[in-house]
Peer 1: 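Quick one: the structure is below, questions incoming.
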Amino acid sequence: DKIDVNAVNLQELTPFHIAAQKGCTEIMKLLVENGADIKQQTLQSSYTCLSFAADGGGMAAVSFILDHCLELVKMVDNDGRVPLHWAAERGDAKVAEILFKSGPVDLIEFIDKKGFTPLAIAISKGHCEAATTLLSLGASANISIPTRTAMCMPALISAIEGGHFAIANALLNQASTNHITPLFVLLEKCKHENFGWVWMQVETLVIRILKTSPSNVDEYPSNPFPKRSILADCIKARMWSCCLLLCTLKADASLVFSDGTTALHQASMENAPPDVLTALLSLPLKVSAPDSKGLTPLHHARSAHVVKALLE
């Protein structure tokens, strides 16, 4: 008896599916020459060989399939996904690009059954190269990403929450949302996490957000005693370049917080460098303003250079 090249195993995979999944192009070629059905889908999930190739088979396997059956690029499986979703899941930027260029333009915004576009998947998985490639190909940055609580989160905030700061920087090039809310999310994250070697990415991201929203540098919640301000948060995070930029943008340094402190109190406690102190003191503020415990910025000073700046 002649062997059935399209026989399925217990996972409903044909030999061609497996070869595509593993990127074995020589085997794929032999199977096609001997009657393998490239269009065959798995019974329950409706996955195609291109889905498997996109999710791990690599560029050669994907190219082979596209050369033999281009229509698979727009086939939708039972997850509501096209192969481009699976390339985003894997984080393979090159495969994502060739799939995009081989199919209808609108595939890049195709939404699966869980509400994910290919870009949303790349962002949620932290695949920076795939995300930036999809953005460069025209994927919308103004999308919402589903969360485990069934709520949706703006893409920029999702990237920040996930600690994917390079992706957040790429999203900033296109996102048209209010950037102040993502900034507060980022600064809140700075309070609780040590970013180590990516700290420069974080500070660069803060500076970029500030520059895109220079008129909103004093946005804060709950008058008359705001719980936070952008300037104070940057001081607490010791983002001195950001502090200098905020001073240049004339941020309000006189805001009083619930504990009675001001940005100058915070600068004293954090041993702000001389140039930051000079910039702060150039803004309208009360140098001797007491906090809720009656302590002035001078009371909080921990080093001679801070005391000197305050006395001058």
Side-chain angles (χ1 to χ4, degrees), residues 1-127 130-131 133-134 137 139 143 145-148 150 152:
D1 291 341
K2 187 175 181 181
I3 192 168
D4 183 2
V5 295
N6 294 310
V8 297
N9 63 11
L10 295 177
Q11 287 76 44
E12 301 180 352
L13 304 181
T14 66
F16 192 82
H17 287 146
I18 295 171
Q21 192 174 42
K22 294 182 180 296
C24 301
T25 51
E26 289 187 16
I27 295 175
M28 292 166 67
K29 182 179 179 181
L30 286 170
L31 290 169
V32 168
E33 290 172 351
N34 285 275
D37 183 4
I38 293 184
K39 296 181 182 180
Q40 188 167 334
Q41 297 172 269
T42 58
L43 295 175
Q44 294 197 12
S45 301
S46 295
Y47 297 149
T48 67
C49 58
L50 189 55
S51 303
F52 291 118
D55 189 26
M59 178 67 82
V62 168
S63 298
F64 181 91
I65 295 167
L66 291 173
D67 288 342
H68 286 78
C69 191
L70 187 60
E71 65 187 78
L72 292 181
V73 75
K74 57 184 180 181
M75 291 284 285
V76 182
D77 59 36
N78 285 351
D79 294 322
R81 291 184 169 190
V82 293
L84 186 55
H85 286 94
W86 293 109
E89 178 91 22
R90 171 63 61 169
D92 195 322
K94 291 182 179 179
V95 167
E97 184 171 2
I98 192 174
L99 289 171
F100 168 76
K101 291 180 177 179
S102 300
V105 175
D106 57 0
L107 284 184
I108 203 166
E109 303 296 349
F110 202 87
I111 300 173
D112 69 14
K113 288 184 177 179
K114 292 184 178 180
F116 287 85
T117 64
L119 176 60
I121 291 173
I123 293 172
S124 64
K125 296 292 182 180
H127 296 315
T133 295
L134 289 166
L137 294 172
I143 57 173
I145 298 178
T147 65
R148 293 179 180 177
C152 287

Peer 1: Less than 4.5 Å apart, any side-chain heavy atom of D37 and any of F16?
Peer 2: no

Peer 1: Could you walk me through whether N9 and I18 pass the side chain to side chain contact (heavy atoms under 4.5 Å, CB included) test, one step at a time?
Peer 2: CA-CA 10 Å; N9 63 11; I18 295 171; 3.9 Å; yes

Peer 1: Taking all atoms of both residues into account, what is the closest heavy-atom pair of A61 and A20, and its distance?
Peer 2: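 Of all heavy-atom pairs spanning A61 and A20, the closest is CB-O, 3.9 Å.
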
Peer 1: Heavy-atom distance under 4.5 Å between the side chains of V8 and Q40, does that happen here?
Peer 2: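 The answer is yes; the side chains approach within 4.5 Å.
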
Peer 1: Within a 6.0 Å radius of atom CD on Q44, are there more than 12 heavy atoms belonging to other residues, nucleotides or ligands?
Peer 2: no

Peer 1: Would you say the rings of W86 and Y47 are close, in the sense that their centroids are separated by under 6.0 Å?
Peer 2: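 Centroid separation for Y47 and W86: below 6.0 Å.
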
Peer 1: So E26 and L30, do their side chains get closer than 4.5 Å, heavy atoms only?
Peer 2: no

Peer 1: Compute whether any side-chain donor of one residue and acceptor of the other, for N78 and S45, lie under 3.5 angstrom apart.
Peer 2: no

Peer 1: Considering all heavy atoms of both residues, which atom of A96 and which atom of L84 are nearest to each other, and what is their separation?
Peer 2: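 The pair with the smallest heavy-atom distance is O-CD1, 3.4 Å.
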
Peer 1: So which heavy atom on G58 is nearest to which on V95, and how close?
Peer 2: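 Shortest heavy-atom separation between G58 and V95 comes out as C-CG2, 3.9 Å.
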
Peer 1: For a quick test of reading the model, state the closest non-hydrogen atom pair linking T117 to I143 and the distance between them.
Peer 2: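 Where T117 meets I143 most closely, the heavy atoms are OG1-CD1, 3.6 Å.
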
Peer 1: Flag the pair R90 and D55 as a salt bridge only when some basic side-chain nitrogen lies within less than 4.0 angstrom of an acidic carboxylate oxygen.
Peer 2: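 Salt bridge between R90 and D55, a charged N being under 4.0 Å from a carboxylate O: yes.
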
Peer 1: For I38, is there any backbone N or O sitting under 3.5 Å from a side-chain donor or acceptor partner on H68?
Peer 2: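 Looks like no, no N/O pair under 3.5 Å.
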
Peer 1: Assign the ring pair H85 / F110 to parallel, tilted or perpendicular, where the plane angle (0 to 90°) is split at 30° and 60°.
Peer 2: perpendicular

Peer 1: Would K39 and T48 count as a side chain to side chain contact (heavy atoms under 4.5 Å, CB included) if you check the C-alpha gap in whole Å, the side-chain angles of each, and the deciding distance to 0.1 Å?
Peer 2: CA-CA 7 Å; K39 296 181 182 180; T48 67; over 6 Å; no

Peer 1: I need the minimum non-hydrogen distance between I121 and A88, along with the two atoms involved.
Peer 2: CG2-C, 3.9 Å

Peer 1: Does some side-chain heavy atom of T14 sit less than 4.5 Å from a side-chain heavy atom of V5?
Peer 2: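 V5 does not reach T14 side chain to side chain.
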
Peer 1: Less than 4.5 Å apart, any side-chain heavy atom of Q21 and any of L13?
Peer 2: yes

Peer 1: Donor-acceptor pair, Q41 side chain versus S46 backbone, under 3.5 Å?
Peer 2: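 Here the side-chain-to-backbone pair exists.
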
Peer 1: Any side-chain heavy-atom pair from V76 and R81 closer than 4.5 angstrom?
Peer 2: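 A side-chain contact is absent here, since even the closest heavy-atom pair is not under 4.5 Å.
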
Peer 1: Using side chain to side chain contact (heavy atoms under 4.5 Å, CB included), reason through V82 and V73 one step at a time and then give a plain yes or no.
Peer 2: CA-CA 7 Å; V82 293; V73 75; over 6 Å; no

Peer 1: Could you check if a side-chain atom of S102 sits within less than 4.5 angstrom of a side-chain atom of L70, using non-hydrogen atoms only?
Peer 2: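 Side chain of S102 against side chain of L70, heavy atoms only: contact under 4.5 Å found.
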
Peer 1: Measuring only between side-chain heavy atoms, which start at C-beta, is I123 closer than 4.5 Å to I145?
Peer 2: yes

Peer 1: What are the two closest non-hydrogen atoms of L72 and I65, and how far apart are they?
Peer 2: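 Taking every non-hydrogen atom into account, CD1-CG2, 3.7 Å.
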
Peer 1: Is the side chain of D112 donor-acceptor paired with the backbone N or O of K114 at a distance under 3.5 Å, no angle test?
Peer 2: yes

